[in-house]
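The structure under discussion appears below in the form of structure tokens.
Reminder, nothing fancy here: chain letters follow the sequence lines and each chain counts from 1. Please read these numbers as outputs of a predicted model, since none were measured by experiment.
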Number of protein chains: 2
Amino acid sequence: MGMPTLREVAEEAGVSLATASRALSGSRGVTVENEQAVKHAAARLGYRTNGIARALRSHRTQMVGVLIPHIADPFFPRVVQELERSLQRDQRSILLVDSLGDPTLERERINDLLDRQVDALVVVPAHPQESCTTIELAAATVPLVQLDRPVAAPTDVASIDHRGGIYLAVDHLVAGGCRRLSFVGAESPLEAVTSRRDAFIERLQHHGLPLPTTTPLGSFSVAWGAEAAGALLHTDPSVDGIVCANDLIAIGVLRALRARGRIVPDEIAVTGFDDVGFAEVSDPPLTTIRQPVSELGRAAAELLTARIDADEHRPPRHITLPAELVQRGSTTPVGATTTRVTATADTPGTMGEQSQ
Amino acid sequence: MGMPTLREVAEEAGVSLATASRALSGSRGVTVENEQAVKHAAARLGYRTNGIARALRSHRTQMVGVLIPHIADPFFPRVVQELERSLQRDQRSILLVDSLGDPTLERERINDLLDRQVDALVVVPAHPQESCTTIELAAATVPLVQLDRPVAAPTDVASIDHRGGIYLAVDHLVAGGCRRLSFVGAESPLEAVTSRRDAFIERLQHHGLPLPTTTPLGSFSVAWGAEAAGALLHTDPSVDGIVCANDLIAIGVLRALRARGRIVPDEIAVTGFDDVGFAEVSDPPLTTIRQPVSELGRAAAELLTARIDADEHRPPRHITLPAELVQRGSTTPVGATTTRVTATADTPGTMGEQSQ
DNA sequence: CTGAAAGCGCTAACAA
DNA sequence: TTGTTAGCGCTTTCAG
């Protein structure tokens, strides 16, 4: 009793162990009769192949390690979902670990994953500098893709064009008639975040519009958004458009504006960033920049499979995905027929179609 | 070259393969000198133990399969995070798969996980009936814990006391002075959802309060909440408290009330259910019932480790965790000092402390 | 196309 | 306490 082994299946089918293995693992070089005989025998005995034995022998576990700084962050689960779906198509599974944003823990977890012989790694680095050597070391052992906030290591990367996203927001407000724009930002060590303010300034200059006297930085919170908006109305009463570094801040801004009786979007338009769940249910619904999370997961999976199945030693590739503008009620609508406008990507190509 | 094996470590340390194994895997019965020698040799060679070989030999992979109907659902990632953290303490990792809510896919994924020789499974069933045989079959092979919405199979279960959560909401409204309560619900095949309406009715009867003429059921959406609230004000203009089946519905209700100039919470109080992100940032902030998601993950991990490490054949246990009331601005505050009130659990005991 | 044999790297009996 | 010896269940040469 216990699970039947391949040897028993072979005996039941009247063939050798080798033939049974070939028949079940789909290798060529087995007569149709033998193949059927083996498959029937396997079905009769309720045989299930032992993935661990297979992995030990074949040096392939068909497992991909996925390391995330904080699994519960609303951003990552959607990436993981698409990653899982994409990898599943190649019979690969995800071994999921959480670094809790700690570089030391991150290093341990990566070693755990490598000990388990994962075929590849997808990593969202915990820290822009401290994660670097860990990632380089890991990348020397297995194919590795960095996601979303790459450190300076020579690996494949899939990330999002935050800068282009801010451009979209500014362009949209300008197209809607805004001329005095302000920015409410947040402090962060992540380049993905700090670049948003720079992008805002650049784009104003591009349009030849006046720069705001200050671009205040606070936290990613409703309270900060409300506070900053209050100050802003005081500093620059003629402001007619506010670009926010994320949706929470934007919600705070909306609330402060309402408290002061300013009509959104007629008097002042507001944009967010991220398109988290409540952007859609805020009042008014928030125009925001959506990050293409599913596409990010898929891009990572593509980079990985390409490197595992094909050219293991090609130079690193960097896929940057365009963010998109989601028009809702907090800005003056532009172009009645379209609701979504896509930014141009740095590296288009593979990511053309969209399945979700 | 390539990775050094334990054999090479043994040679380097001048001991046998077996001793080297014992020294590194922490088995008793090795002299301190030998243990040190082996560990130094391992460090010198950069030895890393091969988890696959170990698993094949020891019949333990230290992997737990986790099957979720929809990873990106805001509810599950937090459960998974806590699950991961708890299992990590016992050196176990999570193999994560998504059934997409499809019982057929669910069956395939469970078989994948079993083929990979997971030591145990945590399953959120895709369907209250169709998942049953799959789960029974799997539970016959490895320890299995059902999470959150159990099917009728004799396994360990960790779930949440939704009924008690609704009781909390009703009691809170009553304590705040409400006397004419209504319920806005949603249709669903899940018992966890349908039981909410029943619990509402029960609790009104318990308080001797009048039952509403209808308890409308719609979808989990803002639009439905707004629609239902509009109808409700028409049917029963004297309503002074509305219990909603989830937060999205409550947001819709709040919006409809504001549109009609009804003051929340002074004229009408509103409660939600789930405590998703935007409950906190709605206007007014939503009083709601929080599901103890982290605790749920931890409970599942406890059930699992108990069954793996200890008594594999004890009868199934069912842990039901209490929901808690989170008081915010959409209801009249009760008891100025406390903000959170915890319901009594069916099965208290193990889940007393709280770390997150 | 098929089978026999040789392990993948490790742990678990068993004997010393 | 240590070493020797068998494998875990499978894939993959290598002959035939």
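Checking each of A/Thr31, A/Asn34, A/Val30 against A/Val15 for a side-chain contact (heavy atoms from CB on, under 4.5 Å) leaves exactly one that passes, namely A/Asn34.
Residue B/Ser16 places none of its side-chain N or O atoms closer than 4.0 Å to OP1 or OP2 of D/dT2. Here B/Ser25 does not reach the OP1 or OP2 of C/dC10: none of its side-chain N or O atoms lies under 4.0 Å away. Using a 4.0 Å cut-off, no side-chain N or O of A/Ser58 falls inside it from OP1 or OP2 of D/dC10. Between D/dG3 and B/Thr19, a contact under 4.0 Å exists linking OP1 or OP2 to a side-chain N or O. One finds no side-chain N or O of A/Asn34 lying less than 4.0 angstrom from the OP1 or OP2 phosphate oxygen of C/dC1.
Distance B/Arg7 CZ to C/dC10 P: 10 Å, rounded to the nearest Å. Between the CD atom of A/Gln62 and the P atom of D/dT11 there is a distance of 12 Å, given to the nearest Å.
Within the 4.0 angstrom heavy-atom criterion, base atoms lie near B/Leu17. As judged by a 4.0 angstrom heavy-atom cut-off over every strand, B/Ser27 is placed among residues making no nucleic acid contact. Residue B/Ser21 is classed as a base contact, given a heavy-atom separation below 4.0 Å to a base.
Remark: A/Ile94 CD1 to A/Gln81 CD distance equals 10.0 Å, nearest 0.5 Å.
Nearest nucleotide to the A/Asn50 side chain, out of C/dG9, C/dC10, D/dC10: D/dC10. Listed candidates were D/dC8, D/dT13, C/dC10. Nearest to the side chain of B/Leu6 is C/dC10. When distances are taken from the side chain of A/Arg54 to each of D/dG3, D/dG9, D/dT11, the shortest belongs to D/dT11. Across C/dA4, C/dA12, D/dG9, the shortest atom-to-atom separation from the side chain of A/Ala18 is found for C/dA4.
The base of C/dG9 lies outside donor-acceptor range of the side chain of B/Arg48, with no N or O pair under 3.5 Å. No hydrogens or angles were tested; on distance alone, a donor-acceptor pair under 3.5 Å links the side chain of B/Arg57 to the base of D/dG7.
Side-chain N/O atoms of B/His40 and B/Glu12 include no donor and acceptor closer than 3.5 Å. Side-chain contact annotation: A/Ser131 with A/Glu106, donor-acceptor N/O pair under 3.5 Å present.
Looking at A/Glu35 and A/Lys39, a side-chain N of the basic residue comes within less than 4.0 Å of a carboxylate O on the acidic one, giving a salt bridge.
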